[in-house]
Structures are given as C-alpha cells and as structure tokens.
Number of protein chains: 2
Amino acid sequence: MLTIGNGAVPLYMQIKELLTAKISRKEWSPGSIIPSELQLAQELGVSQGTVRKAITGLVENNVLTRKQGRGTFVSNHDPDRTLFHFFHITDNRGHKVIPDSRVLRCRRKQASRMEASTLQLAAKTNVIRIERVRKFLATPTMLETITLPESRFSSLGKGGNYDLPNTLYELYEKQYGITIHSADEKLRAVSATKQDATLLNLEVGTPLLEIERVALTLDKTPVELRISRCSTKNHYYQNTCF
Amino acid sequence: MLTIGNGAVPLYMQIKELLTAKISRKEWSPGSIIPSELQLAQELGVSQGTVRKAITGLVENNVLTRKQGRGTFVSNHDPDRTLFHFFHITDNRGHKVIPDSRVLRCRRKQASRMEASTLQLAAKTNVIRIERVRKFLATPTMLETITLPESRFSSLGKGGNYDLPNTLYELYEKQYGITIHSADEKLRAVSATKQDATLLNLEVGTPLLEIERVALTLDKTPVELRISRCSTKNHYYQNTCF
DNA sequence: TCGCTACAGTCTTGTATAAGACTTAAAATA
DNA sequence: TATTTTAAGTCTTATACAAGACTGTAGCGA
C-alpha cells in the first residue's frame, strides 16, 4: 500500500519520486530489472496504468529503460549512451567518435576554491585531479582536467594505476557505485597557453573551445568537475534546440 | 473517419503525422486553438486516449501547447519561448537576458556556396544578409550574420527599414508565416578579426565563441543561417545533457 | 543417446478503448 | 460583481489485445 502523504500531488508523481528514491538509495542497481508494472501496481495499491505513467516519465528522463517483452531496467552507462547523450564533439563530416585517452597526471590535492564550491565540498577537502590528452585518429585534440572528490573515489589512480578507460562514467558506476545522470556545461572561447600548445601541437594563442562540465547524480549531487580545452580545427560542439 | 493507410504504424503515430501536416500546411496557424481531444476523437473515429497520446507527443516536442480548461494550441513564438529554448548565452551569474540589437547592414546578395548548400537553395539564388551587433547592458558582446532566402522574406529590410526587433523568430512567424521549430548549432572557437575587434571593443586575435546555427521549420526546411561570434569574457554558452 | 530445432505457454511491455472524477479557465447568469 | 455553468485538459481506473522475449518440452536426425 502506497503511503500517500500528500493528496495534492498526483499518484503517478508520487510513484516517480518513490522509484527515484529506490534508485538513489541503491536498492535497485544500474542495469538491474525492476518489478513489472503489474507487480508494482499490486504492491502500491494503484492501477497498472498509473504505474505505467510514472515509469514513462522516468523513461523519458533516461532514469529507466524499457525493453518490450523483457521488463524495465535501471539505466546504466555503456559506450553508446555516453556517445549519444554525453558527448557533443563532432568531426567536420558530422560523425561522433569517442577519442582515445592518455593520462598525463593523476594527483591528490586540496581542492581549489572553485573546485570546492563547484563540487559542494568543504574548503581544503582532498580531491583527485586527473589530466589527460585525448586524440582523434592519433591527433591530440582535447586536454581534460577532471576533478573528483577523493572521498568518493578513494582507490582511483592509486599505486600508479593510470590505466583509465576512454569513457569514465561506466568506471564510476561499476567501481564506485556512482551513476552520472546529467551534466551542466558552460562553453567559452579561450586562448591556448604554452602547455596547451605543446600538448596539442598548435600555436600559443590559438583559440580553444573550453567546456566546463559539472556531472551530477540522480539526486543532483555534483561528483565530477571536468574542464576540457578543445581544438576546433577539425571538430565542433554540436547541439540541437527546439 | 481516419484514413488508415498503414496498419503497421500505430494509430497514435498516424495521428501525430496528421496533426503535424495540418500545422505545416498552415491549416492551423500558430497561436490558434485546435479542436478538443473529444472532437478529434470523434472526427477520426478513435478513442480520446489515442488522440491524447498523439497530442502528448507533439506537446513534448513543443509543436503544441496545452492549457488545462482552455484547450490545446499550436505553439507560437514569444519572447519567453525564445529565451528558454533558443537562447543559450548566459551571464557569469547564470542569468539569461535577451540582448539589444543594432543592425549594421542589410543587403541582398547571391548566396555563397556555403549559404546555398546550408539553406538548400540553388546556386546563385538571392539571399538577404543581415549583420547586426548585440549588446548586453550597452556592452557590445555578439556579432551576428543572418542569411535568409529572399524568396521567403521578400519585404524584409526593404526601403531602408532596419527596425528589426531583438528576437526575430516572432517576426518571421507573424510577417512571413514562417515558424521556426528547431535549430542545429555548431560551436567553435575562432580568433577576432579586425572587424570583430572594432565592433566589440576588444583586441584582434581575442578568442571568440562562434555559433553556426541553422534554424528549421517543422518539416525540417532550413530557413535561416545565423553565425554569431560572441565574446565570452562575461558570458558563456550553457547546455544540459542527460 | 545426444544435440538441435520448432512450437507452445507464460510473462512483460506496447497499443487501444472506455469511463468517471477532478481541476482549471472562461463564459453566462443572477 | 459574485456565483454558477460550461468547456476542456488532467488524473485514475479497468480491460483487452498485440508484439516481443524467454523457457520448457517434444520431435527429429545424426
């Protein structure tokens, strides 16, 4: 029986919140199947159609994934989802491909004021800072600085283990139980520094596209700050609005 | 009675196409009310729920707008929609405000190869090319070059009438019957030219965010090419993905 | 006898219908 | 002007069938 605390909120929205809470609390893990509509309807004491409406809303937000004939699953990360939802850099022919990565550095430091503020950490909290260069067809095109709260990613990069995959969100999910649900991005144009120029094989002062991303979990906790600096000689950032 | 030509396509999808066609053909004009769910259900010989599912899909795509107690309307352009859906430049405090505009030039020219290709025009077709500077709080921040097919916007800018509003999509809709439904954008970092520098009060070579936008009607016809070059000293381009 | 294929049954999501109650907004009436 | 009525979307429930996926069983061939 559904514990209805607020009659002013429609049932299907309450069920959405309930299902979201189960996922946030790790009661249902990414990739796992949730009970069927009929089962949930019985457990919650509502009609199947009402459960369906709630699930439809979560499917539209990519929290759940439906497979006809099989069931409904908690969405998880795989390369296709990353490419489709979280990667915007497109080559000049309109193709999206995940670039290769090479870690330059992986250190534990005290968070800068900006990092602490962005990741909602107390001042001087330790963070893990990863710097890597990303290549398309062996051409270095992007530099990334990734900042993670050490407390959430304690083992990452320990023991000189720099063998990080090209896409990190699947790693966060499987190794640390942290599932990225959304990301906010701010794009600016900046000038290539000496370091940029050296690593990306271009001239100091070349305009670069800087993407400042904050990746959030389902309950809106910021868990990753990622600053990318990207050459737009052969690539662009693509977006559609309507 | 709905003319069902293809039994393999669900009814609600067929109704979506039918409603979309009515809008594209201007049978229903922007801002106007469409028949109620119940009425459409009767006319088409299906259940109200099926009509509702079709309409819900179009509402999610911003083609239609529902108002409880009043009815369902063909979406149109107003400043709020432009700001929310089509404008991404945000100041460093996170606020979005539509900038003021001043037209520098408005000319009729033969389309360049890029313009013709992008707007799907025959070579050497005439276009209207508008150049304007946009200011936030009296500070010039963006330069825009807007290219429009002359055949669709024949009277625009004629007679030295440069008094264009800050947001153009409402004008396109009301004066020319052209409703922008979506836009594809490509973002790059470029260097300020001498002209950029003069008009935006910055140094030659300053990195600028270039946004190349193609605005499309509901039936995916490209009707506007807009290239913006924006200083990101006090602003950034904002995007959310999930 | 073992392995492979085909088919039936079951389960789950996807589509469609139908109806009633509720909420919101505008028009009509007192 | 205030209240009532009307119109239309919103929410909820119930039911039925289609389509897809999975499992188990039977039959056939090597």
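Quick note on labels: first sequence line is chain A, next is B, and so on, each numbered from 1. Side chains included, hydrogens not; waters and symmetry mates left out as well; all remaining heavy atoms used.
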### Message
Within residues 57-80 of chain B, which residues have any heavy atom lying less than 4.0 Å from an atom of DNA chain D?
### Response
B:R66, B:K67, B:Q68, B:G69, B:R70, B:G71, B:T72

Spacing between [X] atom [atom1] and [N] atom [atom2], to the nearest angstrom:
{"X": "B:Q39", "N": "D:dT6", "atom1": "CD", "atom2": "P", "result": "18 Å"}
{"X": "A:K53", "N": "D:dG9", "atom1": "NZ", "atom2": "C1'", "result": "10 Å"}
{"X": "A:L44", "N": "D:dT13", "atom1": "CG", "atom2": "C1'", "result": "15 Å"}
{"X": "B:K16", "N": "C:dG14", "atom1": "NZ", "atom2": "C1'", "result": "15 Å"}
{"X": "A:I15", "N": "D:dC11", "atom1": "CD1", "atom2": "C1'", "result": "12 Å"}
{"X": "A:I33", "N": "D:dG20", "atom1": "CD1", "atom2": "P", "result": "18 Å"}
{"X": "A:Q48", "N": "D:dA14", "atom1": "CD", "atom2": "P", "result": "11 Å"}
{"X": "B:L38", "N": "C:dG20", "atom1": "CG", "atom2": "P", "result": "13 Å"}

Proximity to the side chain of [X] - top-ranked nucleotide from [options]:
{"X": "B:Y12", "options": "D:dA14, D:dC11, C:dT15", "answer": "C:dT15"}
{"X": "A:E37", "options": "C:dT17, D:dT13, C:dT13", "answer": "C:dT13"}
{"X": "A:S36", "options": "D:dG9, C:dT17, C:dT13", "answer": "C:dT13"}

#### Entry: For the student: nearest non-hydrogen atoms of B:P222 and B:V214, plus distance
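Looks like CB-CG1, 3.7 Å.
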
### Message
I'd like to know whether A:S155 forms a side chain to side chain donor-acceptor pair (under 3.5 Å) with A:Y176, so could you lay out the CA-CA distance, the side-chain angles of the two residues, the decisive distance to 0.1 Å, and finally the verdict.
### Response
CA-CA 9 Å; A:S155 67; A:Y176 303 102; 3.0 Å; yes

#### Entry: Pairing of A:R66 and A:E37 as salt bridge, 4.0 angstrom limit
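A:E37 and A:R66: salt-bridged.
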
### Message
What I want to find out is whether B:E224 reaches B:R152 closely enough, with some N-O distance under 4.0 Å, to be called a salt bridge.
### Response
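No salt bridge links B:E224 with B:R152.
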
### Task
Using the side-chain contact (heavy atoms from CB on, under 4.5 Å) rule, pick out the option among B:I130, B:V127, B:I128, B:T118 that qualifies with B:T147.
B:V127

### Task
Give a yes or no answer on whether the side chain of A:N61 reaches the backbone of A:V63 with a donor-acceptor pair at less than 3.5 Å.
no

### Query
Is any N or O donor-acceptor pair between the side chain of A:R52 and the base of D:dT12 shorter than 3.5 Å?
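Looking at the base of D:dT12, it does not pair with any donor or acceptor on the side chain of A:R52 (distance under 3.5 Å).
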
### Task
Check the angle between the aromatic planes of B:F86 and B:H77 and answer parallel, tilted or perpendicular using the 30° and 60° thresholds.
tilted

### Query
Between A:T50 and D:dT13, does any side-chain N or O lie under 4.0 Å from OP1 or OP2?
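It does, given that an N or O in the side chain of A:T50 lies less than 4.0 Å from OP1 or OP2 of D:dT13.
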
